[in-house]
Amino acid sequence: MFTTLAGKALVPVGLAVSGFMVVCCLILYSVIREDLHRSEIVHATNLADTILKSTRYAMHKSDREMLATIIRNVGEQKGVDHVRIFNKKGIVTFSAKAGEINRQVDKNAEGCIVCHKGSVPVTNLGTMQQARTFRNPEGMDVMAITAPIYNGLDCSTAACHVHPPDQKILGTLDIGLSRAELNRSLKLLSIQMIVFTLMSLILTIGGVTALLMRNVFLPIQRLRTYIDSATIKTDIPAPPPHLPHDLDIIAANYYKVIMKSSIKKENSE
C-alpha cells in the first residue's frame, strides 16, 4: 500500500487530519471543562453569599433556632453535600448534619490550611483560592467553598453579643456541592466529542479520498493504461480524452514521441 502513489498520498493526509482533529478536540474539551469548573465555583460562591446574607439577620437577633433552620433547609437541597458554620476556634456551631455539631475542625485540613498555613491566619482570599475539591466518605466528588464571616459595625455594636472591633473574622461558612452532575455532563461531553471526531474524520478522509481518486488517481491510471497500451500495440491509439491539463499535455507529448519514433522506424525500413 505504501509503495503506490495513492498510499503515499492518502496515508499522510489521513494521519495529518486525524492528528489535527484529535489535538483540537482535546484542547476544546480542556477549555470547556475549565470553563464549567469556574462556573461551578461562581455558583457555589453566590450560594455561600446568599446563605451569609440570609443568616445575618438571625445572627444579629441571636436567633439560633432560625439560623439552624436556614442551614438545615439549605443542606436538604439536591446537590448540596454539606453546610456548616464553625467559629474562630474551629468548632462547628451549626451544621445541616447533626453529627457534626460541636466537632473540632482540623486546621491542617485542605479547606483550612490555605488560611492557617502561616502564624497569622489569612483574612482575605480570592474566589478561586476559597474553592477546593475532594472526595467525601461516600466516595463522591465534592466542590466546597469556604467563606469567612466578617465582623462589621453592626456586629461589634450589637446588644446580644458584642465582638471587639479589631476581630476581623467571627467564623466561617463551609458549603460543599456534589460534582456528580458536572462529572456526568463532562462524561457525556467526552462521548459526544469522540463521536463527533470520528464522524469528522470519516467524512473528511472520505471526501479527500474521493476527490483525489476522481481528480488525480483515476486520470493517472488512465494515462498509465494508455502508455502500456501504446507500448504493446502496433497501431498507436489516440490519447484518452478529458484528462486534467498537466496529464493531457503528458499524454499528447508521449503520443507525439511515439508517432515520431514510428515514422523514423518506417523510413529506416
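- Residues Val92 and Lys97 fail the side-chain proximity criterion, which asks for heavy atoms closer than 4.5 Å.
- A continuous path of ILVMFWY side-chain contacts below 4.5 Å connects Leu36 to Tyr29, so both sit in one hydrophobic cluster.
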_From CA spacing to verdict: side-chain contact (heavy atoms from CB on, under 4.5 Å), Ile205, Ser18_ = CA-CA 9 Å; Ile205 296 177; Ser18 301; 4.0 Å; yes
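- A side-chain donor-acceptor contact under 3.5 Å links Arg222 to the backbone of Pro241.
- Atom CZ of Arg64 sits in a sparse spot, with 12 or fewer heavy atoms from other residues, nucleotides or ligands closer than 6.0 Å.
- The backbone N or O of Ile41 lies less than 3.5 Å from a partner atom in the side chain of Thr45, making a donor-acceptor pair.
- Val74 and Met143 end up in the same hydrophobic cluster when Ile, Leu, Val, Met, Phe, Trp and Tyr side chains are linked at under 4.5 Å.
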*Could you walk me through whether His37 and Arg179 pass the side-chain contact (heavy atoms from CB on, under 4.5 Å) test, one step at a time?*
CA-CA 10 Å; His37 179 62; Arg179 306 191 74 198; 3.3 Å; yes
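- Here the closest heavy-atom approach between residue Ala48 and residue Ala147 is recorded as CB-CB, 4.2 Å.
- Linking Ile, Leu, Val, Met, Phe, Trp and Tyr residues whenever their side-chain heavy atoms come within less than 4.5 Å places Met213 and Leu223 in a single cluster.
- Nearest heavy-atom pair, Cys25 versus Thr197, reported as atom, atom and distance to 0.1 Å: SG-OG1, 2.8 Å.
- One finds the CG atom of Leu67 at 4.0 Å from the CZ atom of Phe94 (value rounded to the nearest 0.5 Å).
- A distance-only check finds a donor-acceptor pair linking the side chain of Thr55 to the backbone of Leu52 [under 3.5 Å].
- Put simply, the side chain of Leu173 does not reach to within 4.5 Å of the side chain of Ile145, judged on heavy atoms.
- Checking side-chain atoms of Asp35 against main-chain N and O of Val31 turns up no donor-acceptor pair under 3.5 Å.
- Considering Val142, Leu47, Asp81, Val83 as possible partners of Leu177, the one that fulfils the side chain to side chain contact (heavy atoms under 4.5 Å, CB included) test is Leu47.
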*In sequence, state the C-alpha distance, the side-chain angles, and the governing distance for Val208 and Val17, and then conclude on side-chain contact (heavy atoms from CB on, under 4.5 Å).*
CA-CA 10 Å; Val208 171; Val17 173; 5.7 Å; no
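- Leu189 and Leu28 fall within a single hydrophobic cluster, where Ile, Leu, Val, Met, Phe, Trp and Tyr are joined by side-chain heavy atoms under 4.5 Å apart, directly or via other members.
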*Begin with the C-alpha distance, continue with both residues' side-chain angles, and end with the deciding distance and a verdict on side-chain contact (heavy atoms from CB on, under 4.5 Å) for Ile175 and His82.*
CA-CA 6 Å; Ile175 178 170; His82 66 265; 5.7 Å; no
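- Proximity of Met199 to Val195: side-chain heavy atoms (C-beta onward) are separated by under 4.5 Å at one or more points.
- Between the CG atom in Asn46 and the CD1 atom in Ile51 there is a gap of 11.0 Å [rounded to 0.5 Å].
- Counting non-hydrogen atoms of other residues, nucleotides and ligands closer than 6.0 Å to CD of Glu65 gives a total of 12 or fewer.
- Thr93 contributes a side-chain N or O that, together with a main-chain N or O of Ile85, makes up a donor-acceptor pair within less than 3.5 Å.
- In plain terms, the two heavy atoms of Met21 and Ser200 that are nearest each other are CE-CB, 3.3 Å.
- Considering all non-hydrogen atoms of both residues, Ser178 and Glu40 come closest at O-OE2, 4.5 Å.
- When hydrophobic clusters are built by joining Ile, Leu, Val, Met, Phe, Trp and Tyr residues whose side-chain heavy atoms come closer than 4.5 Å, directly or via intermediates, Val80 is not grouped with Met140.
- Closest approach of Ala144 and Phe134 over heavy atoms only: CB-CE2, 3.8 Å.
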